[in-house]
Each structure stands twice: as C-alpha cells, then as structure tokens.
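Following: one structure in structure tokens, then a few remarks.
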Amino acid sequence: MSAPAKQRPSRTKRLKRLVAAPFVFLAAVIILLEDWLWDDLARLAAAIGRLPVFRQIEAFISGLPPYAALAFFAVPSMLLVPVKLIALYFVAHGHAIAGLLTVLAAKLAGTALVARLFTLTRPSLLRIAWFAWVYERFVAFKTRVYAVIKATGIYRAAHEMHLRVRRAVKVWAGKRKGFLRRRWQAALKLSRQAKD
C-alpha cells in the first residue's frame, strides 16, 4: 500500500473528530447542566410532592405496572414539544429573548418533573428488560463522559463557579428562611383545610 493511501484514513479520522468536536462539547455541557440540576430539581419536586394534594398522585404513580410507568415517564417529553414550538414562534417573530426564556423555563420544569417521575417509577421501569439494558448502558456512558470532562481545566473552573453560586444561594436562602418557611407552612395549612 502506498503512503498516501495510509494517510487518508488518518485525515478522515481527524476531519470527523474536528466536525464532531462542537457537538460532543455541546452534548457534554447539556449532560453536565442536567446532572447539576437533577438533584436540586428532584429535591424541589419532592418537596412539592409532600403537599397532601400531590401525595395521592405520587402514590398512584409509584404503584403503576412497568409499561404504564414507562408511558407516564415519557409524557413530559412529549409535553415539551408545544412549548418548544411556542419558543420557535417567539424567535421567528423577533422575540429571541422570550424564546430563549421559554426554552429555559421549559427545560427547568421538564427536568424537575422527569427527575421526580423517574424517582417514582424507577423500580417499575427497571423491571422492563430492554429499559434496564438501555439504562445500564446510558449510566456507563455518562460515567465515562463525566470522567473525561472532570479531568479538564474548564470543568474544574466551571464546577468551582457552580459551588460558589450554590453557597451564595444557600446564604441568601438562609437569610430568607423565615419568610419562605412561613409561606410553605401557609400553603400546607391551606391544602389540609381544603382536604377536610
């Protein structure tokens, strides 16, 4: 085989890597953001789920058989399609910021809902053989990607910034704890009164 023939695959590989790099970076950023938000949003959704109104709904969802749980788990993804179309409408009509805010709000709400639904339906979902297989592969893939990303300086800087923001929010929330606690207690009291 001639030397140019041997060089072509390496050039092709380099070109593929060069083209794929921005998409891999974007996918990594999305995985990291969702991973950072997942736990916090799951805790928020669990706190909302402690309200008596939602307790019964959560008990119903937890008791679903595997394929019904899968349908319930898939619904939020489908519900986001109309929201994304609304965001696209905003962008198409010159309201890019409104479109971006719509997508961000939908992403936050969707992630919180999916995190809670997954927590509730995971035991049923993992009884479906193909879902368990896909879930294991996804977790392994995410772990590998996360390990590679964690080794970069950009990640360490972003993670440090994330921790600083979290600490600042915790300090701010600590100062407002009395106000927030009173509002939460009032909401609980009202929901209990409505039930009686």
Side-chain angles (χ1 to χ4, degrees), residues 20 22-88 102-152 155 158-159 162-163 165-166 169-170 173 180 184-185 187-188 190-192 194-196:
F23 297 108
V24 170
F25 178 75
L26 183 63
V29 168
I30 290 170
I31 287 172
L32 286 174
L33 286 175
E34 283 197 347
D35 201 43
W36 284 343
L37 292 173
W38 186 273
D39 294 333
D40 295 332
L41 293 174
R43 276 194 296 278
L44 175 67
I48 292 170
R50 284 193 290 273
L51 289 170
V53 171
F54 295 112
R55 223 178 279 148
Q56 294 172 346
I57 295 169
E58 285 193 352
F60 169 75
I61 293 170
S62 295
L64 289 173
Y67 281 97
L70 180 63
F72 234 87
F73 181 64
V75 166
S77 303
M78 291 182 274
L79 291 176
L80 290 179
V81 172
V83 175
K84 289 177 182 177
L85 291 174
I86 291 169
L88 184 61
T102 302
V103 168
L104 289 175
K107 191 67 175 163
L108 286 172
T111 301
L113 184 61
V114 167
R116 188 63 187 154
L117 284 176
F118 187 70
T119 300
L120 295 172
T121 60
R122 183 182 349 201
S124 293
L125 291 173
L126 292 178
R127 290 188 353 223
I128 303 171
W130 65 265
F131 187 91
W133 183 85
V134 169
Y135 178 71
E136 287 174 19
R137 301 302 180 281
F138 175 75
V139 169
F141 169 74
K142 191 172 101 169
T143 303
R144 283 194 312 269
V145 168
Y146 207 57
V148 169
I149 291 169
K150 275 182 153 181
T152 65
Y155 171 81
H159 187 64
H162 172 252
L163 293 176
V165 167
R166 242 182 147 165
V169 167
K170 195 172 190 175
L180 295 173
W184 183 253
Q185 294 300 326
L188 286 174
L190 280 173
S191 68
R192 287 185 193 121
K195 191 175 180 183
D196 294 336

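Note that the numbering runs from 1 along the sequence shown for the chain. All values derive from a computational prediction rather than experimental measurement.
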* Asked: Atom CG of Leu117 and atom CD of Glu58: how far apart are they, to the nearest 0.5 Å?
  -> 8.5 Å
* With sequence neighbours left out, what residues match Arg122 under salt bridge (charged side-chain N to carboxylate O under 4.0 Å, His left out)? -> none
* Are Leu125 and Tyr135 close enough that some pair of their side-chain heavy atoms sits under 4.5 Å apart? -> no
* Roughly how far, to the nearest 0.5 Å, is the CG atom of Leu126 from the CD atom of Glu136? -> 8.0 Å
* Structure fact -> Contacts of Phe73 meeting ring-ring contact (aromatic ring centres under 6.0 Å, His included) (sequence neighbours excluded), chain-then-number -> Phe118
* Go through the structure and list residues passing side-chain contact (heavy atoms from CB on, under 4.5 Å) with Val103, not counting sequence neighbours. => Ala87
* To do: Can you see which heavy atom on Thr119 is nearest to which on Ala115, and at what distance?
  => OG1-O, 2.9 Å
* Asked: Are more than 12 heavy atoms from other residues, nucleotides or ligands located less than 6.0 Å from atom CZ of Phe54?
  -> no
* Please confirm whether the backbone N or O of Ala69 pairs with a side-chain atom of Thr121, one donor and one acceptor, at under 3.5 Å? => no
